[in-house]
Each structure stands twice: as C-alpha cells, then as structure tokens.
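Structure first, commentary second.
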Number of protein chains: 2
Amino acid sequence: MTVMESAPVKARKHCAGSVGHPRPTGQDRYSISEVVAHTGLTAHTLRWYERIGLMPHVDRTHTGQRRFTNRDLDWLDLVGKLRLTGMPVADMVRYAELVRQGEQTFAEREELLTTHRENVRERIAELQSTLEVLDFKINVYADARRASERFDPV
Amino acid sequence: MTVMESAPVKARKHCAGSVGHPRPTGQDRYSISEVVAHTGLTAHTLRWYERIGLMPHVDRTHTGQRRFTNRDLDWLDLVGKLRLTGMPVADMVRYAELVRQGEQTFAEREELLTTHRENVRERIAELQSTLEVLDFKINVYADARRASERFDPV
DNA sequence: TATTTGCTTGGAGTGCACTCCAAGCAAGCG
DNA sequence: CGCTTGCTTGGAGTGCACTCCAAGCAAATA
C-alpha cells in the first residue's frame with residue numbers, strides 16, 4: 001500500500017465566505033461552541049451529525065465533552081459545501097462511510113462526487129433558465145410602472 | 001381504485017423532462033389528469049395548491065370536476081420555475097394574492113420578484129464555488145486512481 | 001344493469017433535516 | 001458553598017412540501 005494522505009482530505013481555506021469566524025491559528029482542540037462560531041451550524045446539528053455518522057469519531061475530554069480538531073473543521077467545511085448544493089444527508093453519510101473505509105474506496109468516492117457534480121451543473125442550468133423568466137417578468141412590471149409614472153406622476 | 005394519483009402513468013408520452021409536453025392546440029379546458037400530464041405535478045399537489053391559495057380560482061364542470069385553462073397552465077409553469085429556484089410556497093402564495101388583487105400591486109410584485117432574482121443569483125454563485133471544490137477533490141481521486149493504475153495495472 | 005374509471009373531499013400521514021427539551025454533570029467564580 | 005455557564009444525553013417536536021387515504025359520486029363501458 002502506497003503511503004498517501006487518505007482520509008478526510010485537506011480542504012484548505014478556500015472560501016470560508018458563508019458564515020463563521022476564521023480559524024484561530026495554532027489551535028487543534030475546539031469546544032462545540034467554538035465550532036458553532038466557526039461553522040454557523042448549531043450545537044444540536046453538530047451532535048446530530050455525529051449521531052447519524054456524518055462526522056468521523058470526535059475526540060472527548062476526560063469529562064466527556066467534545067473536542068473538535070482542525071481536521072474535523074475541514075470535514076465540516078466540505079459537508080457544508082455539499083449541503084449547500086442540496087446533497088441529501090444520506091449521501092453525505094455514505095461518503096463519510098467510504099472515507100472511514102480507507103483508500104480502497106477512492107474509486108467509489110470519485111464516482112459519487114462526479115455524479116453529484118453533474119447534478120450541480122444541471123441545477124445551475126435550471127437556475128439560469130429561471131433567471132431569464134424572472135428578468136422577463138420583472139421587465140414587464142418595470143415597464144408598466146414607468147408607463148404609469150409617465151401618465152400619472154405623483 | 002385510483003391508479004394514477006402518484007405516478008403519471010399516461011403522463012410521459014413525450015419528454016417529461018423539464019416541464020411537461022407541448023400543450024394541445026385549440027384547447028382551453030383541461031381535466032386534472034391532463035394537467036398532471038402537462039406539468040409533471042401529481043393530482044394531489046394540484047388540489048393542494050388550490051387549497052392553499054397558490055392557484056387562481058379553477059373552473060368546474062357541472063359535476064364539480066376541475067377544468068383548467070391555458071391561463072392556469074401558464075401560471076403553473078411560472079410556479080414550477082419559482083419552485084425550482086427554491087422559493088418557499090408561502091412566498092408564491094403571497095405572489096398569487098398580489099396577482100388576485102390586480103394592477104395596483106404591480107410595484108410589490110416587481111419587488112418580490114427582484115428580491116427573489118437576487119437570491120437566485122447568489123444561489124448560482126454558491127453552486128459555482130462548490131463546483132470548484134468538487135473539481136478539486138475529483139481530481140485528487142482521479143490522480144490517485146491513475147497513479148495506482150500505473151503501478152498496479154490489472 | 002353492473003363494473004370500471006376518473007374524479008371529488010377533509011383530514012391524516014410521510015420524509016427530510018433539523019430543533020428543542022428535560023434532566024443532569026462539571027468547572028469557574030464571588 | 002451556591003450560582004452560573006457550558007456541556008452531556010435520548011427522545012420528542014417542528015416546519016415544510018407534499019402524499020396518501022377512505023368514502024363517495026358521475027359518466028363511460030361491458
């Protein structure tokens with residue numbers, strides 16, 4: 001087996017645009033509320049993600065409190081992206097399982113992602129075609145408004 | 001026994017692809033099953049739309065069966081578009097109310113649509129940024145696959 | 001005439017993705 | 001020590017958008 005960085009891959013700081021603070025540097029153990037601040041998810045949702053198997057095993061303190069790592073945060077960033085594109089939670093859980101199973105699932109992971117990418121592309125096309133309808137109707141209303149303003153100025 | 005309530009059996013004569021098939025020319029009174037065939041919605045959903053006020057008043061036969069007009073079909077096309085873009089049903093109902101109230105709501109309708117158009121644009125941008133992440137990860141997996149194929153050809 | 005088909009209704013049920021609750025434990029602070 | 005804050009749990013509840021059900025009626029077909 002070739003030694004390759006396998007598991008939850010590194011999702012580098014790509015956007016971080018949506019919600020959340022930048023990650024404090026040099027830290028690698030985050031409480032649940034820190035993760036809430038970073039991701040914009042609720043603590044409920046984070047615990048729920050763990051329960052349904054959407055999170056890799058999360059570390060705990062000696063008193064049982066969760067301590068998330070940077071790797072966990074990377075994973076949540078990816079999950080957030082997939083969620084934004086409307087991937088069903090069940091599919092994300094499936095992906096998480098594949099990641100847990102290690103390198104021999106690379107092909108299946110690639111396929112899952114490729115299929116999803118196609119869905120996203122279709123979705124974008126759909127939205128763009130709706131945009132045209134929206135533009136058309138907005139113009140109709142705007143024209144009507146301008147016409148009425150011309151004839152009946154307030 | 002009602003057979004065709006959920007699966008538009010007759011429905012996919014032609015492309016059930018994006019939205020229905022071409023409207024028969026010269027007709028202006030469609031039964032619910034014809035509308036099912038055209039729109040891809042279920043009869044349940046059509047009745048539900050009417051109940052919640054998402055449809056303008058639908059005409060009836062003397063025995064109480066619905067007869068949809070071309071105008072209704074146009075409306076459903078628009079609703080379908082808005083639905084595709086994720087506009088909440090409540091907002092579409094609001095829009096329907098404005099339409100019922102007549103011309104004096106033009107400005108408000110324009111605003112509603114403009115706001116929504118902005119949402120759609122943001123959504124597209126979001127999806128496009130996710131596409132980049134997807135591309136990146138798919139490439140990681142594809143590279144790994146190509147590498148393993150080179151060293152360990154089957 | 002008898003059966004089948006297509007439609008009607010109000011209300012109940014489903015699936016998804018959270019979202020919240022109640023009870024309880026541990027640590028920090030005055 | 002008592003109080004507050006932050007976290008824990010399993011299970012129940014919420015909101016959305018359908019989705020289905022059961023009973024029944026009218027028209028068409030056998």
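Just so it is clear, the structure is predicted and the values come from calculations on it, not from any experiment.
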Under the rule for side chain to side chain contact (heavy atoms under 4.5 Å, CB included), what residues qualify as partners of [X], not counting sequence neighbours?
X	result
A:Thr63	A:Thr61, A:Gln65
B:Arg66	B:Ile32, B:Arg47, B:Glu50, B:Val58, B:Arg60, B:Phe68
A:Ser129	B:Lys81
B:Ala125	none

What protein N or O atoms touch nucleotides 4-7 of chain D N or O atoms at under 3.5 angstrom, if any, and at what distances?
| from | atom 1 | to | atom 2 | distance (Å) |
| --- | --- | --- | --- | --- |
| D:dC7 | OP1 | A:Ser31 | OG | 3.2 |
| D:dC7 | OP1 | A:Ser33 | N | 3.4 |
| D:dC7 | OP1 | A:Ser33 | OG | 2.7 |

B:Glu111 CD: over 12 foreign heavy atoms closer than 6.0 Å: no
Those residues that, when tested against A:Arg51, pass salt bridge (Lys or Arg N to Asp or Glu O under 4.0 Å) (two or more places apart): none
Mind calculating the distance between [atom1] ([X]) and [atom2] ([N]) to the nearest angstrom?
X	N	atom1	atom2	value
B:Arg83	D:dC18	CZ	C1'	10 Å
B:His44	D:dA22	NE2	C1'	12 Å
A:Leu84	C:dC18	CG	P	11 Å
B:Met87	D:dC16	CE	P	15 Å

DNA chain D contacts made by residues 48-62 of chain B, counting heavy atoms under 4.0 Å: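 The stretch gives B:Trp48, B:Tyr49, B:His62 as the residues lying under 4.0 Å from the strand, ordered by number.
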Identify all side-chain donor-acceptor contacts of residues 85-94 of chain B below 3.5 Å with residues at least two apart in sequence or on another chain.
| from | atom 1 | to | atom 2 | distance (Å) |
| --- | --- | --- | --- | --- |
| B:Thr85 | OG1 | B:Leu82 | O | 2.5 |
| B:Thr85 | OG1 | B:His116 | NE2 | 2.6 |
| B:Arg94 | NH1 | B:Glu97 | OE1 | 3.4 |
| B:Arg94 | NH2 | B:Glu108 | OE2 | 2.4 |

Those residues that, when tested against B:Asp135, pass side chain to side chain donor-acceptor pair (under 3.5 Å) (two or more places apart):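 In terms of side chain to side chain donor-acceptor pair (under 3.5 Å), with neighbours along the sequence ignored, B:Asp135 is linked to A:Arg117.
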